[in-house]
> 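Pasting in a structure now, in structure tokens, and then I'll have a few things to ask.
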Amino acid sequence: MSERYSRQTLFPPIGKGGQEKIRSKHVLMIGAGALGSGNAELLVRAGIGRLTIVDRDYVEASNLQRQQLYTEEDVAEKLPKAAAAEKRLKAINSEVAITAMIADATPEKLAELIDGVDLIIDATDNFETRMAINDISQKFRIPWIYGACVGSFGMSFSIIPGKTPCLNCLLKTVPLQGMTCDTGGIIGPAVQMVIAHQGAEALKILVEDWDAVRTSFVSFDLWRNQYTSMKMSKAKDPGCLSCGEHPEYPYLDVENMTKTTVLCGRDTVQIRPPKQQQLNLQDTAEKMKDLGYQVKGNPYLVSVEMDDNRMVIFEDGRALIHGTKDLAQARSIYQRFFG
Amino acid sequence: MSERYSRQTLFPPIGKGGQEKIRSKHVLMIGAGALGSGNAELLVRAGIGRLTIVDRDYVEASNLQRQQLYTEEDVAEKLPKAAAAEKRLKAINSEVAITAMIADATPEKLAELIDGVDLIIDATDNFETRMAINDISQKFRIPWIYGACVGSFGMSFSIIPGKTPCLNCLLKTVPLQGMTCDTGGIIGPAVQMVIAHQGAEALKILVEDWDAVRTSFVSFDLWRNQYTSMKMSKAKDPGCLSCGEHPEYPYLDVENMTKTTVLCGRDTVQIRPPKQQQLNLQDTAEKMKDLGYQVKGNPYLVSVEMDDNRMVIFEDGRALIHGTKDLAQARSIYQRFFG
Amino acid sequence: MNKILFFAHLRDEAGHESVEIEAAGKTVAELKQMVAEKYGIQKLDTSMTAINEEFSSNDEVIKAGDTIAFIPPVSGG
Amino acid sequence: MNKILFFAHLRDEAGHESVEIEAAGKTVAELKQMVAEKYGIQKLDTSMTAINEEFSSNDEVIKAGDTIAFIPPVSGG
């Protein structure tokens, strides 16, 4: 082991003591897409003791452009991402205890997995899951690291319960239609840049170098050569329902979640967002057309043809996903566009 | 193909036209270590047409902590990095024409490989090779992207012949004892951050979005939360021997190179740096001890025990590498410490 | 005068990377509404706001010379 | 006065991330020599120098209030 991690223990802020700490820690990775596969590889190479990685999707051809654990063979075999990730991670470092879960990271699932976890890394693609991670983090006093990217733009922020503001302080609500990689595209370097930031923060937290943990909110645009550090000293909201004086952890409440139901006797899942929306159907239809989908519409709904599914969206944000009975898959399709 | 790269063509500065351009281009990657394996994976996933990757080393256990193409099996098989990289890159994207060369990137080798190359990416670990890349780039008018890292610190700069200053403008000479990963340690996130910058610049150059190419010299420290962009408008030296009005390409001249000779009848290579040095032998000995090596010394030399080799260093920078007749391996060992 | 910076897709919607505008005395919420109307930006209300590189709430009042950046949270990953 | 910033291993050698020093009127080369002696830094002559975030040669003369950063080229990869 000493030889394997020699270049990391040579780095004075880690050293041999830090390496022992990394070895004793357990990280929960939510998502095994672009950020998830990159962050997981980074931590497994760094010698993390235990990694739990959760993902609900399968490896698809369009993932290969930026999701670094996967190969053409994984696409051909239609492997679940969690399973494909586990296979590669074990080949990289057999000393790490890896638990791969093919599952939707619902609040219930997060609560089930949180026991013994030292750090949560956000590698999800939607704000609903992030808000649930944020509440779990506050409730169980476990740090988490927000990361996201779209196009050549990305951002990261380390959230330490009791110390920093939380995501709910910053956003107040789940923004519907946050840009996702499925609507704005994404380039590999932007993914790598977010991973670099999340990974450095993770190592600081794992070796307990709390003074080194970044307190600012980083955002950057690699194509436009921008890099910005936003100070967060005024951002903490004492009345925040997630991290404030009287926390209620609203995003662990099923009332505030996207609801999915298999429609009786049909190969269709209905999806209902937590709050009534007022979608502009014409805009939605045009955006989908720009993305290359075949779209039909009328004043009441928009219908989008996909490979094996059809998605019908209504003005109040409700959607029907035809061609599946799998709740997780249906949520995945919906949140690709309404992340 | 359209599905595979869909998230990249959705990104407006690339689009379908940019993807065609990426597909038609040839990148020469010098080195298959941390930066080389990461940059190669990024470009292969992005759908580069042709990649030539050159490296002289074998996969070792201490590489696994940060070199993303390699597995424990590659270490067990003692595969050359170029061969191990090729195997993984082909599994990632069988559409890319990959040429892997187990070779030392000498000026002669670079001149041999440069034909038809659109871009050179620096993923080497020493300044001597970088200065040769810089001269080749100027002589053949091919852009190259400098990148380097040590500890949590890293830097990158895009060098476009006829437009930007070159590395020789900035450094004037090859700095002996530039910090390397073998002396200062390295963490994975610093590697990823340099790759993010080199990769974004590479994509801009490959799609010919020249206005987007970064003109500043970036450096950062992820552990200390620093990021700095140095403007380079005054850096170009009109008298520069590499890019000035009367170029002589000094680093393509064997006179200015580290010389390696197999000592007659012995399992030993002698290494002689291009200029006489005045090493502080006591400092050198202490540094090597700090790195965990067994070191002996006297006022005239320092002797360092390694796994299969012994390196003896003299005050003038000359060294003997015992236990090998392989010139490239001997240079590799020497440049680990005197990079 | 105040400099307003747009990040990520806000820049594409606004058609500019930055604009100069007179915003002193306005709250962040008021500025958001004004900018959203003037530059045809749809989702500015959910964007984060930095005044002189410091996160600021919707109630914060802008002073002359402040630089305001709108940074939209993104969800890709 | 002038602020001097040390990057990478220079900071470890200097023992500080930044120092305040009076350097107006000096050339970069002179400042390098002075700083190297005062803070016991070995290889400052091969370091790159930025004055107010702009690359500057050894002949450049420093003005009052300039911020000077020493950025050593590194070779790891």
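To find a chain, count down the sequence lines: A is the first, B the second, and so on, and within it residues start at 1. In what follows, every heavy atom counts, from backbone to side chain, and hydrogens, waters and symmetry copies are set aside.
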> Between B:Ser158 and B:Glu201, is any side-chain donor less than 3.5 angstrom from a side-chain acceptor?
yes
> Please classify the contact between B:Glu41 and chain A as side chain, backbone, both or neither, with a heavy-atom cut-off of under 4.5 Å.
side chain
> With a 4.5 angstrom heavy-atom cut-off, which part of A:Val218 approaches chain B: side chain, backbone, both or neither?
neither
> So which of A:Thr71, A:Ile187, A:Asn225 has the biggest tally of heavy-atom pairs under 4.5 Å with chain B?
A:Asn225
> Before you tell me yes or no, could you show the steps for B:Phe157 and B:Arg214 under side-chain contact (heavy atoms from CB on, under 4.5 Å), namely the whole-Å CA-CA distance, both residues' side-chain angles and the distance that decides it to 0.1 Å?
CA-CA 8 Å; B:Phe157 181 53; B:Arg214 188 185 294 269; over 6 Å; no
> Picking from A:Leu203, A:Leu222, A:Asp290, A:Asn93, which has the most non-hydrogen pairs under 4.5 angstrom with chain B?
A:Leu222
> Would you mind checking which part of A:Gln68 comes under 4.5 Å of any heavy atom in chain B, side chain (CB onward), backbone (N, CA, C, O), both or neither?
both
> Pick from B:Ser152, B:Gly292, B:Ala202, B:Gly188: which one has the most heavy-atom pairs with chain A under 4.5 Å?
B:Ser152
> Would you mind telling me which of B:Asp211, B:Val191, B:Val44, B:Leu64 has the largest number of heavy-atom pairs within less than 4.5 Å of chain A?
B:Leu64
> Flag the one option from B:Gln67, B:Arg45, B:Met193 with the top tally of heavy-atom pairs under 4.5 Å to chain A.
B:Arg45
> Considering only heavy atoms and a distance below 4.5 Å, find which of B:Gln192, B:His197, B:Glu72 pairs most often with chain A.
B:Glu72
> Between A:Ser229 and chain B, which part of the residue has a heavy atom less than 4.5 Å away: side chain, backbone, both or neither?
neither
> Quick one: of A:Ala46, A:Gly47, A:Ser94, who has the most non-hydrogen atom pairs under 4.5 Å with chain B?
A:Ser94
> side-chain contact (heavy atoms from CB on, under 4.5 Å) for B:Lys78 and B:Glu60? Distances and angles first, verdict last.
CA-CA 7 Å; B:Lys78 284 186 185 292; B:Glu60 292 177 88; over 6 Å; no
> Given heavy-atom pairs under 4.5 angstrom as the criterion, report whether the side chain, backbone, both or neither of B:Ser216 touches chain A.
neither
> Can you name the residues that form a side chain to side chain donor-acceptor pair (under 3.5 Å) with A:Glu86, not counting sequence neighbours?
A:Lys90
> Counting only non-hydrogen atoms closer than 4.5 Å, does B:Ile14 touch chain A with its backbone (N, CA, C, O), its side chain (CB onward), both, or neither?
side chain
> Tell me, side chain or backbone of B:Leu89 under 4.5 Å from chain A's heavy atoms, or both, or neither?
neither
> Is there side-chain contact between A:Tyr146 and A:Phe217, with at least one heavy-atom pair below 4.5 Å?
yes
> In terms of heavy-atom pairs under 4.5 Å with chain A, which of B:Asp209, B:Asn63, B:Val194 leads?
B:Asp209
> Are more than 12 heavy atoms from other residues, nucleotides or ligands located less than 6.0 Å from atom OH of B:Tyr58?
no
> Hey, are the side chains of A:Ile195 and B:Pro189 touching, using non-hydrogen atoms and a 4.5 Å cut-off?
no
> By a 4.5 Å heavy-atom criterion (distance strictly below it), what part of B:Val213 contacts chain A: side chain, backbone, both, or neither?
backbone
> Kindly write out the residues that satisfy side chain to side chain donor-acceptor pair (under 3.5 Å) with A:Lys87, not counting sequence neighbours, or none if the list is empty.
A:Asp74
> Can you establish whether the number of heavy atoms outside B:Glu208 located under 6.0 Å from its atom CD is more than 12?
yes
> Given side chains that start at C-beta, do those of B:Val304 and B:Gln294 come closer than 4.5 Å, heavy atoms only?
no
> Hey, is CD on B:Glu73 packed in by over 12 heavy atoms from elsewhere, all under 6.0 Å?
no
> Which atoms of B:Thr215 are under 4.5 Å from chain A, going by heavy atoms: the side chain, the backbone, both sets, or neither?
neither
> Identify which of B:Ala61, B:Ala91, B:Gly199, B:Pro12 forms the greatest number of heavy-atom pairs closer than 4.5 Å to chain A.
B:Ala91
